[in-house]
K.L.:
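Dumping the structure here so I can ask a few things about it.
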Amino acid sequence: AGGEPPPEVPDGSPAKGRLLLSRYGCTSCHTVPGVEGDALVGPPLTSFGRRGYIAGELPNSGPNLQRWIRNPPAIEPGTAMPNLGVTEQDARDIAAYLFTLD
Amino acid sequence: MSIADAAGAYRAAEEAAGERVARHWPEGHGLRGWITTVDHKRIGRRYMVTAAVFFTLAGIEALVMRTQLALPEGKVVSPGVYDQLFSLHGTAMIFFFATPMLFGFGNFLLPLMLGTRDMAFPRFNAFGYWVFAAAGLFMFSSLLFGVAPNAGWFAYVPLSGARYTPDLNLDVYSLGLLFLGISTTGSGINFIATALKLRAPGMTLSRVPVFVWALVVTSFMVVFALPPLNLANAMLFLDRRFGTKFFVPTGGGDALLWQHLFWLFGHPDVYIIVLPALGIVSAIVPTFSRRPIAAYPVIVLATVATGIISFGVWVHHMFAVGLPQLAMTFFSAASIVITIPAGIQIFSWLGTMLLGRVVLAVPMLWALGFILVFVLGGVTGVMFAIVPFDQQSTDSYFVVAHFHYVLFGGAVFPIIGGVFYWWPKFTGRTTSVRAGLWSFWLVFAGFNLTFFPMHIAGLLGMPRRVYTFAPGLGWDAWNLLSTAGAYLLALGLLVTLSTLLYSLRRGAPAPPDPWGGETLEWATASPPPTHDFAVIPTVYSLHPLWDQRTLDSFHEESRSPLHVQADGHDVLRTTELDAEPQLGVEMPEDTPVPFVAAFGLLIAFTSLLLGGYLAAIAGAAVFGFSLMWWLWPRDRPGSSGGGERRGEGEGGGSAGGEREETSA
Amino acid sequence: MSVTRGQRAAASKRRAAPHRRVPPSGRTPAWWGMVMFVTTEGMIFACVLASYFYIRFSTRGPWPPGGIENPELTKPLVMTALLVSSSGPMLWADWAVRHGRTGQLKGGLALTLLLGATFLGLQGSEYMEKFKKFSWSENVYGSLFYGITGFHGTHVAVGLVMILFTIVAALRGKFSAKRHERVRLVAFYWHFVDAVWVFILFTIYLSPKL
Amino acid sequence: MTALAHGDDTGSWGWDAIAVTAWIVVAAGGYLAGLRVFAGRRPLAVPAGRPSRNVMRLSAAGAKRLGRWRVAAFAAGLLALATALLPPLDHLAGERFSAHMAQHMLLMVMAAPLLAAGAPGLVLPLVLPPRWRARLAALRHRSRTVLRPLYFPVTAWAVHSAVLWIWHLPAAYDLALDVEPVHVAEHACFLAAAWLLWWHAVTPTRHRLCPPVATLYLFVTALPAAALGAVLTLAPAPLYPSQAAAAAASGANPLADQQLAGLVMWMPADVVYFAAIVVFFLAWMGTAERGNDAMTLPASSSEEAGR
Amino acid sequence: APSTLSPAGVGARRVAGLWWLLFGISVVVAVLVALLLAWVMARRTRAGVHARTGSGRAFVVTMGVVLPAIVLAFVYAVGLRDLRDLAVPRDPHALVIEVVGHQWWWEVRYPASGFVTANEIHVPTGSTVRLRLSTADVNHSFWVPQLAVKTDLIAGRVNEMWLRAEHDGVYRGQCAEYCGLQHGHMAVHVIAQPAAEFASWLAGQARPAAVPAGGAPARGLRVLEASSCAACHTVRGTRADGKVGPDLTHVGGRRFLAAGAIPNTPGYLGGWISDSQSIKPGNAMPPQPLAPEDLRSLIAYLGTLR
C-alpha cells in the first residue's frame, strides 16, 4: 500500500495505519488486504475506499470512518464491534490506510 | 596375446565367447518383457528412475514448504497440509528416495563389479522393485486424499495414536513402511548372497571394491535394523486399529518404547543411506586420482565399524526426553566414537588425492564438493553428540541443517556424482562437460544457500516443524535466504536433469571405459549386454583393470568352460571367502510371477488400510499362491542328467557337478 | 552356521595351484538367503521380547499387571514338548532325503506337520481359555501376550504351509539325493521356529515366576 | 566349589578367598607344566650332551611354540579372575549393584576371552600321564556326537544370551544374593558360557571362526547383552529388592546404583567386543595390499578422457 | 530474539560457552579439510604431476584416528563436566512450578501458592526454579532458549528441569516437540522479576477474580457464567469451573493470548472469542456465537481480570 495519504484523510499515515490494524487486533475479526489474517467475524474490508456506507449506517467519509473506528456502539448500539479505545491519531492513520484500499 | 586396457579386454572376451553366451541370455521386449524382466541392469535403472521421481515429488513438497516459510505468518498452505508435507517429505526422502536410489546403484553395479552376470536371486530382485514401486504409490497417493502421514517422519506416539490422529494418515504410514520393508529387506539379503557367492574367481574378500563392501555392510545393517522399525509399525497399527495398548500409557504401555524402537532403526538407517554413498565416492576418487584408494584395509574396517557402532548410538536422538544422565554419557561417547570411522574415510580420500594425480572431471567435482559439505554436516553431528549442546539445539532448525548437510551433502552429492560417473555405463551415452559444471556449481551454491542459514535460525531459537512463525523474532531474513536458496537449488537440479535427458537423446555414444576405471564394470560394453561378461575374468588384486594378469584373463579364460558358462542361462558360483570357483548355477528366466506377487501384496495392504480384511486375506492369498508357484521345484531342461559342469581338468568324480536349483 | 578356519586353510593350500578345479562344496546362495531371512526374523523376535522386558521392568507394581494371574504352565509345557520334539522328524526327513530315501522323507515331514498342527490347536485352545480372562486390549500385558504368541503362531502356521508344500512336492517326486535344497531350507526355518518358541516360553511363561 | 564365592562380611580374607587363590595357583602351575611338555613334543636343539633340566627354559620354549601372546593372555586371564573374585571388589559387590556387575563383566569379557585365548584345553591335558591322556581322548571321541552341538557357534550364542538374561531376572538374582551356593553357580555359569563363546573366536584349533564371520558373531552377541544393559539402565525403579536394600544400607542411591550397573553391563562389554572385532579384522585384512605390486597405474595422458 | 547465543540464564550460558568451543573446533576441522582440498585442486592437477603408489596408511591413521581421538576426548570431557553441572539440583527450598502441556497451550501451576495460570511463567530473578513437566495429551517440549536447555514432556511421565534467570526480562520460549496442527503456535513466556515484585505477583494471582461493580463488566460476568465459557474455563471466584481450556482468572494481566499466538488487546480478544479458528486453526476452542452486546461486555469483563 502506498505512502502518501488519500484525499479523504489528508493528515493520516497509511503506512502507520497498516501496522495499527494488526496492533489493535482488527485483523482478528476482519480480513484486511495487505495485512495478515483471514478472519470473517466482521465484514471483509476489501476495496474499502469505494464503499458507500460504513456498517450500513454512515456515509463513507473520512471523519465518519474515524468516528466509527473510535466508538462503534455509539453509532450502532447493537453492533458486535467493540470500542477498542483507538486514539484519535491512530484512528486517523487506520482510516487513511483503509481509504487506500480500492 | 597381451591386452592393453579394459576396452581391449572387453573386445577380446566378446570375440572369444560373446555369441556362445548371448544365445542363452535373451532380452525380453515389449510390455511383456518390461513386466517379466529379471535383468539386474534393467531393474537397477528402474529403481533409480523411480527413486528420482519420488525425489522430485518430495523435493517439490520441500519447495512448497520453503515457500510457506519464506515470510512470517505465511498463508500458502494450511497447517494440516504443511504437516502432511513435511512428514511425507521426510518419509519419502529417507525411505523412498535415498535407500532405493542407492539400492538401484547396487543392483546395477554389484554384479558388474563382482564379475558375474546377475544377482543371486533375480526374481526376488524384480519382486523387490515391484514392491517398492507399489509401496511408493501407496504412500504418495495418500496425499491426493488428504490422508498423507502427518506426524513427522518418526511419528512419535501418542500423537500418532488413534486418539490424536483418528484419520487414516498414520495407518498409511505404518502400513506403507511395513510394505516397503519387504522390498528393502529382500534387496539386502539379495546383495549379501550375491556378494558372498557370485564373485569372480580370485576376488577374495580382501580384493572386493570398497563400494561393494559398503553395500554389503549396508545390507547387513538392513537385516538387523529394519526389524525394530517393522515391529514398531506393526504395534502402532495394532494400537490404532485393534485397541492394543503397547504405546498407551494409560493402559500400562510406554510412549518411549516407540522412540527406542524407532531410533534403534533410525540411526542405523542414516548410515544405511550414507554408506553406499560413501562407497560411490570411494569408487570415483581412485579413478580420477589415478591410483588405488589409500589405506584400503583401514577404510574397509571403517565401513564395518560404522555399521557396528551405529547400533549403539540411537539414544542421541532422545537426549531431551529425560533419560538417566549415565545412559546419556554412554551414548554421547558412542556418538563421538562414530566420527572416527568417518574421519578415516575422509582422510583416506584426501590421502588418495594428495598422492595421486587428480583429474577434475565432473564426477570428481561432485566428490570434492561432497567432502567439504559432508565434513560441515559431520562436525555439527559431533556437536550434537555433546549432550548439553544437543539438549539446547535438538528439534531446532540446527538439526534440520545438520541432517540436510549429511543427507543432501552426504548422499545426494555422491548420488549425482555417481550418476555422472556411471552414466556411460547406464545408458551408453556421454554427458556434456559444460552442462555438468553448471549443474554442479548451481546445486552447490543453492544447497549451501538453502541449508547454511538454517544453522543460524536454529541457534536463534527457531524450532523445527512449525508451519509458520511470528515476525520480529530475528528469523525472517534467514528463512527468506533459505527459500531463495531452495529455488536456486531446484534450478540447479533442473539443469542436472536436463543435462542428463539431453545426453539420453543426443549424447555421443560412450566407449566401454571412458574414465580409465579400476573395477570390472568398465570391461563391459556401455551399456552392458544382458549377460554382462562373455568371459568371467580371474581377479588377482584390488584393481583388476589396472592389473595385466586380469586383463589377460579375459582372453585366456575364454577356453575354460567354467569361466564362460555357455551351456545355459548360467552364472559361476564361488566360495564365500576366497572366491574359489565351485560350479555353474542356472539362473531363472523372465517371469511375471514377481509382478503378480507384488500386486497381491498391494491389494492386501490397501485392503488392510481401508479395513477390508477379507480382501486383505484374498490379496495375501494371491501373494502366497504366486510364491508357491514361484518356488515349485521344476525340472529344467538339461538338469536331469549330463549336466556336468566342471573344468577340463577332471573327469568323472563321485560328487557330481550337477546344476543347482535356485530358490529365488 | 559359519565357515571355519579349517576350510580356509584348505582353501589357501588350494590357492597354490590356481587352475586346479575343486569339487563343488560350500553353501548355496539360497542357503545364505534363508539364513539372512531367519536372521531378520530372529531380530524381530529379539526386539519384541526385549520390548516385553522393557515394559515389564518399567512397570511399577505387580507383573502381570491389572490382576491378571501368572500364566499356568501345564499346557505351554506340553506345547513345548510337541514343538521341540517336532524337530526330530524334521532332522530325520532331512537325513532321509540326503540319502535318497524319499519314503522316509515323506514320513518325517508328515510327522512334523502333525506335531506342529497339534501345537497350533493347543495354542488355539489356550487362547480360548485366556480370552475369558483378559483380551489384548485389556492392558499392555494382554497386548504383549497375544502379540508375541500370536506372532509366533503365525510363524508356525507359515512353517506348516511350507511343510505341506514340501510334502506335495515330495509326493510328486521332486526330491532326490541330489536335489533337495528346498527340504533343507524348510527344515532350517522349522528349527528356527522351534528355537524361538523356547525363548518365548521362557519370556512369557517362565520369567514372570522368576 | 565355594571357590567362586563372594567374601563374607568379616572383611578379612575368608576361606573362600583362600580357595580362589589356591585354584588360581593350581591352574597357573598346571599351565606352566603343560607348556613344558608342549615344548618337549618336538626334540629341542639342546647343546650337545648336556641334557638340561631347566624347567623355566623348557616352559619358555613351549610358550614360543604356542605363541607367547597366548601365554600372556592366560596369565592376564588368571589375573582378571583374581581381581573379580578376591576381596576388594568382592566385598563391594555385596553392597553395590554396580560393583557386582563390574565383577560379572570382569568374568565375562575379560577373564573368559583371555583364558580361552590361552588355549588351556590344549595345554593342561599334557600334564596328565600318557595313559590318562589316551583315556581322555577316547572319552572325547566317544562323546563326540553328544558334544557336537557344542561346536556350533549358535549354541554358544544361545547359551550365553540365555545365561545372561536368566540370571538377571529379579527372582533368580535375589536368590543368588541370598544363597551362597547359588551365587557360586551363577558365577560359574557366567564364566563357562562366556568361555565357550570366546572359544569360537580365539581358539587355535581348526574350529576358529574366520574374521568376517567372527565379526558378525560378536555383533549378534553384543545385541542381547546390550539390550539387558539398556533395560537395567532405563528402568524407572529399582528391580532387585535385596540388592536395593544393600545399596541403600551402604548409603548409595539404589536407582543411581542400578543405572550405573546397567551401564557397566552395557559399555565395557561392547567396547571389548568391538575391540576384538577391530583386531581380528585388521589382522585378517593385513594381507590385502599384497596385490598392489603388480599394478600398472593408468597412463597420465588420459586427461582428455576425464574432461 | 529468543537466541541461544544471548543467554540470560545459568544453563543457557554454560551451553553457549560450550557452543563457542565446539564452533571453534569445527571451524578448525572444516578449514583444514578445505585447505587440503584446495591444495589438491591447485597442486595435484597440474600437467607434470605423477601419481605415487604408497599405501598412505600412516597419513590416514594419523589424521583420521589419532588427531580426532585427542580432540574428541577433550571435547567429551568438557561436555561431561557441563552435563554434570547442569543436572537437576537437589535443592529442597527451590520454588517448584508444575507445567502441564496441552494441545496447544501451557498450564502452569504454582503448587505452593495453590493457583493455576497459563502460558506465562513468572520467576524470581537470580534464584533456582524447578519445573516439573508433564503432559495432558501428546509429547511436547519446554524450551526457553535464553534460559535453559530443553526438556521434553512425555506422556505418562514426569520430567524435571531447572532454570535460573540472571537478569529481569521477558523470555520467549516455544514448544519444541512436534505436537500436532498448532505446534507452531505454542509459545510460552518466562517473566523474570525481582523477588519483591514476584512476591506481589504471587499474592495477586492467588486472589480470586475481582467482582465488577456494574456496567458492561458486570454484564460480562453474567454472560461468562451463563454461556459455554464456564464449561471449559475456570475463573476463580465465579461459577465458571471448566477444566478444558486455560484458567482465565487473571487473563487480563497476561501479555499474549492463546499461547503467544496473538497479543492481549481487546480487539484480538474479541476476534478470538468470536472465531478462534481463523486465528489458530484447529485449536480446541470452538467459535462462540454470542449476541453482539454479550460479546462486547464479555471483552470488557475479561479486560478487568488483572
Side-chain angles (χ1 to χ4, degrees), chain B residues 120-121 124 185 188-190 192-194 196-198 202 223-224 226-228 230-231 235 238-239 242-246 248 251-254 257 260-261 264 538 562 573 575-578 580-583 585 624 628 631-633 635 646-647 649-650 653 655-658 660-664, chain C residues 3 7-8 11-12 14-15 18-37 39-48 50-51 54-55 58-59 65-66 135-144 146-147 151 161 165 168-169 172 174-175 178-179 181-182 185:
Chain B
F121 310 126
F124 208 58
T185 308
I189 293 176
N190 211 341
I192 292 175
T194 309
L196 286 177
K197 295 304 301 178
L198 299 186
V223 165
F224 283 103
L226 229 54
N230 291 338
L231 176 71
M235 285 172 161
L238 290 175
D239 269 10
F242 301 109
T244 54
K245 298 280 189 290
F246 294 109
V248 184
D254 193 318
L257 178 61
H260 282 298
L261 285 173
L264 183 54
T538 305
L562 199 64
R573 208 180 85 188
T575 58
E576 288 87 351
L577 296 178
D578 298 321
E580 301 278 337
Q582 285 178 320
L583 74 174
V585 186
M628 291 184 187
L631 293 175
W632 184 249
D635 301 317
R646 271 181 292 151
E650 293 183 21
E658 49 152 359
E660 284 206 17
E661 30 179 348
T662 44
S663 287
Chain C
V3 186
Q7 294 178 7
R8 217 180 113 71
S12 64
R14 269 185 255 123
R15 203 181 314 149
H19 287 292
R20 240 194 76 208
R21 301 295 170 221
V22 294
S25 68
R27 324 276 182 191
T28 62
W31 186 89
W32 282 102
M34 180 53 93
V35 167
M36 294 324 293
F37 175 66
T39 307
T40 177
E41 292 280 294
M43 187 74 192
I44 298 188
F45 277 108
C47 288
V48 73
S51 302
Y54 176 85
I55 297 265
S58 54
T59 299
S135 76
W136 64 67
S137 51
E138 188 94 358
N139 60 20
V140 70
Y141 177 79
S143 307
L144 283 167
Y146 290 106
F151 188 55
V161 171
F165 176 83
V168 174
R172 296 300 196 79
K174 296 288 183 188
F175 300 124
K178 287 187 169 185
R179 293 178 60 100
E181 195 178 27
R182 281 172 183 68
L185 298 185

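Quantities reported herein were computed from a predicted structural model and do not represent experimental measurements. Within every chain, numbering begins at 1; the chains are lettered A, B, ... in the order of the sequence lines, protein sequences first and strands thereafter.
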K.L.:
For B:Met628 versus C:Val161, what's the shortest heavy-atom pair and its separation?
P.N.:
CE-CG1, 3.3 Å
K.L.:
Give, as side chain, backbone, both or neither, the part of C:Ser51 having an atom under 4.5 angstrom from any heavy atom of chain B.
P.N.:
both
K.L.:
How long is the straight-line distance from CE of C:Met43 back to OG1 of B:Thr185, given to the nearest 0.5 Å?
P.N.:
12.0 Å
K.L.:
Which bit of C:Phe37 comes within less than 4.5 Å of chain B, counting heavy atoms only: side chain, backbone, both or neither?
P.N.:
both
K.L.:
Among B:Asn190, B:Leu238, B:Leu231, who wins on heavy-atom pairs under 4.5 Å with chain C?
P.N.:
B:Leu231
K.L.:
Which region of C:Tyr54, side chain (C-beta onward) or backbone (N, CA, C, O), has a non-hydrogen atom less than 4.5 Å from a non-hydrogen atom of chain B, or is it both or neither?
P.N.:
side chain
K.L.:
Please name the pair of heavy atoms, one in B:Leu261 and one in C:Cys47, separated by the smallest distance, quoted to 0.1 Å.
P.N.:
CD2-CB, 4.4 Å
K.L.:
If you compare all heavy atoms of B:Lys245 against all heavy atoms of C:Ser137, which two are closest, and at what distance to 0.1 Å?
P.N.:
NZ-O, 3.1 Å
K.L.:
Give me the atom names and distance for the closest heavy-atom approach of B:Trp632 to C:Arg182.
P.N.:
O-NH2, 4.2 Å
K.L.:
Would you mind checking which part of B:Ile192 comes under 4.5 Å of any heavy atom in chain C, side chain (CB onward), backbone (N, CA, C, O), both or neither?
P.N.:
side chain
K.L.:
So, for C:Ile55 and B:Gly252, which heavy atoms are closest and what is the spacing to 0.1 Å?
P.N.:
CG2-O, 4.1 Å
K.L.:
Looking only at non-hydrogen atoms, find the nearest pair between C:Trp136 and B:Thr244 and report the distance.
P.N.:
CD1-CG2, 3.3 Å
